[in-house]
2 protein chains.
Amino acid sequence: MQTTVDLDTRLGAAGYRLTGPRRALASIVAERDGHFRAADLIADPRVAGLGIGRATVFRSLEALAAVGAVERIDLPSGDHAYIRCDPAHHHHVVCRRCGRAANVDDAGLRGVAAEIERRTGYAIDGHRLELFGLCEACQVGRS
Amino acid sequence: MQTTVDLDTRLGAAGYRLTGPRRALASIVAERDGHFRAADLIADPRVAGLGIGRATVFRSLEALAAVGAVERIDLPSGDHAYIRCDPAHHHHVVCRRCGRAANVDDAGLRGVAAEIERRTGYAIDGHRLELFGLCEACQVGRS
DNA sequence: GTTTTTGCAAACCATTTGCAGGGTC
DNA sequence: GACCCTGCAAATGGTTTGCAAAAAC
């Protein structure tokens, strides 16, 4: 579980200034359970209430992504979204229904990449894996 | 290697009408070696020469994607691009430098997905894997 | 002949940028 | 006090849509 403090700390450690808008956005992001769009944050009453502008939301998300506190993902629909994430883990299983995401470590993917390198001759230096499905809660009908 | 005929055939088989613009675009797409953006097609002199409009390019790409003749991918930069692809193979290794893409089959990913299902409890029903690196030609400096 | 497709232009939407003022270190 | 960050508003760039004419079946 990530707390607001974690996100703030990460921003600070990376040399970003801890401003009101950034703290507020970090806090809102920290309590998100699933993925969210920039538009979701912009629409958040607290964001509007604090007078935080669109641009700041995008810039803050960029900062959070830069420090690995969130990651931008591409939904099957093609939309862009963000999810909180641990900098060490780089893959996610995203629930189609509720949007909750679980972090997943390598889980053997490195071997798959090596196999693909061998077969194709490409020197692979990066990859993106996104998995979609239903989380346990959504499988049993609970939301 | 996919020929224009393949693409046309696929569109036809799926109930799409074979129109001039679609044939022309299928032909241009068929000869593409790497990934391309919608903008690349729009900028193609033949497209301009035939008076094919932006909207038609997007609509045709949508049709081609619907029949599995091309797939829309997300570049590391966040840009959208398309690559030709075989409906059976669903992963790609894209060259960072020249954009050429190689199709890759499962290569063990299914096992990885199963492992992730076990660990997370998610019922995984889809995934997207994109690999990036350098193709053999680009590794040795040739373009 | 009916239905789909097209080109055009306008509409849209998400995201970015320029800039002067304000906040943080 | 120097530099970073913010809000605003305007600009941007990619993609979609409404519509009447044209083409395919």
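Below, read A as the first sequence line, B as the second, and so on, with proteins coming before strands; counting in each chain starts at 1. Just so it is clear, the model here is predicted, and its values are computed rather than measured.
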Whole angstroms only, please: what is the [atom1]-[atom2] distance between [X] and [N]?
X	N	atom1	atom2	result
A/Asp8	D/dC5	CG	P	14 Å
A/Leu50	C/dG22	CG	P	18 Å
A/Leu11	C/dT24	CG	P	14 Å
A/Asp79	D/dT16	CG	P	11 Å
B/Leu61	D/dG14	CG	C1'	13 Å
B/Leu64	C/dT5	CG	C1'	14 Å

Between the side chain of A/Arg22 and the main-chain N/O of A/Arg17, is any donor-acceptor distance below 3.5 Å?
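A pair under 3.5 Å: yes.
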Donor-acceptor check, side chain of B/Arg84 to backbone of B/Arg32, threshold 3.5 angstrom: yes or no?
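Yes.
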Is there any side chain to side chain donor-acceptor pair (under 3.5 Å) pair reaching into residues 37-50 of chain B, and which pairs are they, with sequence neighbours excluded?
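Passing the test, one end in residues 37-50 of chain B: B/Glu31-B/Arg46, B/Asp44-B/Arg46.
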With sequence neighbours excluded, tell me which residues meet side-chain hydrogen bond (donor to acceptor under 3.5 Å, both in side chains) with [X].
X	result
B/Glu115	B/Arg118, B/Arg119
B/Glu62	none
A/Arg128	A/Asp74

If you look only at pairs with a residue in residues 34-84 of chain A, which of them pass as a ring-ring contact (aromatic ring centres under 6.0 Å, His included), with sequence neighbours excluded?
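ring-ring contact (aromatic ring centres under 6.0 Å, His included) check on residues 34-84 of chain A returns A/His80-B/His80.
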Partners passing salt bridge (Lys or Arg N to Asp or Glu O under 4.0 Å) against A/Arg96 (at least two apart in sequence or in another chain)
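Once residues adjacent in sequence are excluded, the partners of A/Arg96 under the salt bridge (Lys or Arg N to Asp or Glu O under 4.0 Å) criterion are B/Asp125.
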Only counting residues at least two apart or in another chain, list the ones meeting side-chain contact (heavy atoms from CB on, under 4.5 Å) with B/Arg110.
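With sequence neighbours excluded, B/Arg110 shows a side-chain contact (heavy atoms from CB on, under 4.5 Å) to B/Asp106, given in chain and number order.
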Partners passing side-chain contact (heavy atoms from CB on, under 4.5 Å) against A/Ala55 (at least two apart in sequence or in another chain):
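A/Arg59.
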What one-letter contact string describes nucleotides 17-25 of chain D from 5' to 3', where B marks a base within less than 4.0 Å of any protein heavy atom, S marks contact via sugar-phosphate atoms alone, and - marks no contact?
BB----BBS
N/O to N/O distances under 3.5 Å, protein versus nucleotides 10-15 of chain C:
none

Secondary-structure string, 5' to 3', Watson-Crick or G-U under 3.5 Å, | for another-strand partners, for DNA chain C
|||||||||||||||||||||||||
Hey, is the side chain of B/Arg22 poking within less than 4.0 Å of OP1 or OP2 on C/dT6, counting only N and O atoms?
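Answer yes for this pair, as a side-chain N or O of B/Arg22 is under 4.0 Å from OP1 or OP2.
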Connected-component partners of B/Ile73 among ILVMFWY, side-chain separation under 4.5 Å:
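Its cluster mates, by chain and number, are B/Leu75, B/Ile83, B/Val94, B/Phe132.
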